[in-house]
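First comes the structure, then the notes that go with it.
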Number of protein chains: 2
Amino acid sequence: MGSRPDMREYLMQTASEIMIAKDSSEVSLSEIAEKANHSPALVQYHFGNKQGLLHAILERDGRRALAQLHELMDLDLPAVEKLRIHISGLVSAYQRAPYLNRLIHYMIQSEDQEVSGKVFTVFIEPLAKFYEVILAEGVASGQFRDIPPMHLFFIVTGASDQLFYRSNTLRVFGISEVTEEVKKDYVRSVTGIILGGLLVDPGAAARIQL
Amino acid sequence: MGSRPDMREYLMQTASEIMIAKDSSEVSLSEIAEKANHSPALVQYHFGNKQGLLHAILERDGRRALAQLHELMDLDLPAVEKLRIHISGLVSAYQRAPYLNRLIHYMIQSEDQEVSGKVFTVFIEPLAKFYEVILAEGVASGQFRDIPPMHLFFIVTGASDQLFYRSNTLRVFGISEVTEEVKKDYVRSVTGIILGGLLVDPGAAARIQL
């Protein structure tokens, strides 16, 4: 990991691991430097400051999810299928990076307008656009009820990360960890509830096997 | 506010206001003391430590919501009506205390087992019980599909606080603040989606005016 890109990648990976272990997006330069076994100055050299490092992590984690989003929008599929695929992908994105919503929230709060502005351009606006397009398609084809895109955005992203955000409460329900089976069951319920509630013709819910 | 109960109330109120203003549950003893114009020692005198203060806030904010929950469980109403009333009450609870989910999350992470244990006894377990009872009633009466209570817990609580948690993204949707009208519209969508997706006979969705 001597070359510059490898070191960047290593420091980003270290910071993600700390966020996952702490179950928080609150991570300090000195924590990252200590775990990476390097000086805080090296982190500063590669990323400018903590915000620069966190933004690089956000871009890395979000790039894959957003690329999938764009592909999905262009696919020749009914809106209901696109939304089903999206929810499943979103839950998996939160599984890989359970701190994602909290990191986005934290970055938007930044006093540095360039930092918060970038989060809007890179994340919030494309996601908002996706829900707008999907809803317009679904309403036009008579599949979806007409609800505000903002509501669908909040309901889908709010429900999708809870299995990981609330992982410290799972034991109340007799579950010790989030296995693939636990995740699949959750995706099935979230998809079933949201698509079932959004469809105009609820009989279709049965036909498309919610 | 010289007497002891008033001072406790005043310090709790100050801490809530800081959490709302910072849009975060991360608040330090010195921030609270500074804004309250008292010494950190006074906060320690009344609450022992920061955890004690945060726990007192959680109990204050949660007491009302949990009292309503117990009344609701005992009402002679169909499960679908109970869930509708619950969602509306929950969104209002998050409006009053937008930091509630994050504070619960933070307190559960506490290394002090007595603190995290109390959060389970006072919040998580009664809520889990509520979803279990409501679902059992709704499934027994043939109204609800049979989904795991944990899933309904996560979907309802995850979706209900997003209007406030994501208030810093509202401008993307042309909304400048959460008015009563904005809140009512959101409650209507969350209720419509979740009840619509949970009902076995989706025709009932129209009859009960989702």
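Letters go in sequence order (proteins before strands), and every chain restarts at 1. Worth saying up front: this structure is predicted, and the values here are computed from it rather than measured. Keep in mind that the numbers below use all heavy atoms, side chains included, and drop hydrogens, waters and symmetry copies.
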Closest approach of B:I193 to A:I155 (non-hydrogen atoms, all atoms of both residues): CG1-CD1, 4.0 Å

Contacts with chain B made by residues 95-108 of chain A (heavy-atom distance under 4.5 Å), listed by residue number: A:N101, A:R102, A:H105, A:I108

Side chains of A:V190 and B:F154 in contact at under 4.5 Å (non-hydrogen atoms): no

Residue B:Q13 excluded, over 12 heavy atoms near CD under 6.0 Å: yes

Chain A contact residues among residues 122-142 of chain B, heavy-atom distance under 4.5 Å: B:I124, B:E125, B:A128

Interface moiety of B:V172 toward chain A, non-hydrogen atoms closer than 4.5 Å: side chain

Close contacts, residues 157-168 of chain A versus chain B, judged by heavy atoms under 4.5 Å: A:T157, A:G158, A:A159, A:Q162, A:L163, A:Y165, A:R166, A:N168

Heavy-atom pair of closest approach, residues B:S189 and A:H151: OG-ND1, 2.6 Å

Residues of residues 16-25 of chain B within contact distance of chain A, non-hydrogen under 4.5 Å: B:K22, B:D23

Other residues, nucleotides, ligands: >12 heavy atoms within 6.0 Å of B:Q109 CD: yes

A:F173 versus chain B, the contacting section by heavy-atom distance below 4.5 Å: side chain

Leading residue by heavy atom contact count with chain B [cutoff under 4.5 Å; candidates A:I147, A:D185, A:V119]: A:D185

Exercise: identify the closest heavy-atom pair between A:M150 and B:L170: SD-CD2, 3.6 Å

